[in-house]
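Structure, as structure tokens:
Each chain gets a letter, A, B and so on, in the order its sequence line appears, and its residues count up from 1.
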Amino acid sequence: MRLSAPLSPAFYTRPATAVARDLLGMRLVRCLDGRRLSGIILETEAYQGEEDLACHARAGRTPRTAVMYGPPGRAYVYFTYGMHWLLNCVVEPEGTPAAVLLRAIFPLEGREEILARRAGQPARACCDGPAKLTLALGIDGGQNGVDLCSPAEGLWIEAGPALPDAWVQTGPRVGIHRVPEPWRSIPWRFLARPPDGWVPPGVG
DNA sequence: AGCACGATTAACT
DNA sequence: GTTAATCGTGCTC
């Protein structure tokens, strides 16, 4: 596939756990006024189906969850705690509500602007949380529903360096302590831990 | 119409 | 370890 091409719909038309694992190492790209910001995805969580009581789709199809019922490869951006925007990508075929939450990136392009947007934060901690990365990349409710398989709307995901399984840890999803078992403990969090000093290849 | 709570973060003790 | 900030959403009355 062409370099710098958004991942195709086929990538997203799969179970949330598979997409969540394979998104590790991919490059999240944000275009703002012609400037390109990007980072390597290092942490994700899978949310799959109405049965998954941690997934917003547990409430069925509502105005908020409608995007998750739509075509795969769209952004699902929602607002929480009265102040934070969180970015997901919709997965599974249309009609099947599922999404993958993006929780952390390794800043690459536009590092200066990213750090400026995260003023006061050390570089190491500037994008290591789901609400931190949306702030760092200028993502909010305006991006809800955008097509991540097209560069037209300034937000997409490209191929990046493959990360070996040895670097990937799994565990329970974060921040859902009120959710009943087995959903509270099911290991649908995927965290890449590259060796110290690792820098993604092919970047200037 | 009212209410409890949230896929969080930063700043506390 | 604890807690305030802050408001959309979904549920109950």
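Counting non-hydrogen atoms under 4.0 angstrom, A:A54 reaches a base of the nucleic acid. At a threshold of 4.0 angstrom between heavy atoms, the contacts of A:Y81 include nucleobase atoms, whether or not backbone atoms are also involved. Within the nucleic acid shown, A:R173 has no heavy atom closer than 4.0 Å to any nucleic acid atom. Note on A:L101: a base of the nucleic acid sits closer than 4.0 angstrom, heavy atoms only.
Computed from coordinates, the A:H84 NE2 to B:dT9 P distance equals 6 Å when rounded to whole Å. The separation between A:R58 atom CZ and B:dA7 atom C1' is 9 Å, rounded to whole Å. One interatomic measurement links the two molecules: CE of A:M68 to C1' of B:dA7, which rounds to 10 Å at whole-angstrom precision. Atoms CD (A:E45) and C1' (B:dG6) sit 14 Å apart, rounded to a whole Å. Rounded to an integer number of Å, the gap from A:R184 CZ to B:dA7 P is 14 Å. Note: CH2 (A:W85) to C1' (C:dT9) measures 12 Å, nearest angstrom. Across the protein-nucleic acid pair, A:D140 atom CG and B:dT8 atom C1' stand 16 Å apart, rounded to whole Å. B:dT8 atom P lies 12 Å from atom CG of A:L133, rounded to whole Å.
Spacing of P atoms, B:dA4 relative to C:dA4, comes out at 16 Å, to the nearest Å. Across the P atoms, B:dC5 and C:dT3 are found 15 Å apart, a figure rounded to whole Å.
Stacking annotation: A:Y47 is stacked on the base of B:dA7 (ring centroids less than 5.5 angstrom apart, interplanar angle below 30 degrees).
Checking side-chain atoms of A:R173 against main-chain N and O of A:E45 turns up no donor-acceptor pair under 3.5 Å. Side-chain atoms of A:T65 come within 3.5 Å of backbone N or O of A:G60 as a donor-acceptor pair. Between the A:E92 side chain and the A:A98 main chain, no donor and acceptor come within less than 3.5 Å of each other. Side-chain atoms of A:D128 do not come within 3.5 Å of backbone N or O of A:A104 as any donor-acceptor pair. Side-chain N or O atoms of A:R184 include one that pairs as donor or acceptor with a backbone N or O of A:H177 at under 3.5 Å.
Among the nucleotides C:dC11, B:dT8, C:dT6, the one closest to any side-chain atom of A:M83 is C:dT6. Of the listed nucleotides (B:dT9, B:dT8, B:dA7), B:dT9 has the atom at the smallest distance from the side chain of A:K132. Side-chain atoms of A:Y76 lie closest to B:dA7 of the nucleotides C:dC11, B:dT9, B:dA7.
Across all strands shown, C:dT6 forms no Watson-Crick or G-U wobble pair with both key distances under 3.5 Å.
Checked options A:Y78, A:Y69, A:Y47; the residue passing with A:H56 is A:Y78 (criterion: ring-ring contact (aromatic ring centres under 6.0 Å, His included)).
For A:R14 and A:F11, the positive end sits near the middle of the six-membered ring, less than 6.0 Å away and at most 45° from its axis.
An OP1 or OP2 oxygen of B:dT8 is reached within less than 4.0 angstrom by no side-chain nitrogen or oxygen of A:T80. Note on A:R103: a side-chain N or O is less than 4.0 Å away from OP1 or OP2 of B:dT8.
Of the residues in residues 111-127 of chain A, those lying under 4.0 Å from DNA chain B by heavy-atom distance are A:R118, A:Q121.
Salt-bridge check for A:R36 with A:E109: passed, with a basic side-chain N closer than 4.0 Å to an acidic carboxylate O.
Between A:G129 and A:R178, it is A:R178 whose nearest contact on DNA chain B lies nearer the 5' terminus.
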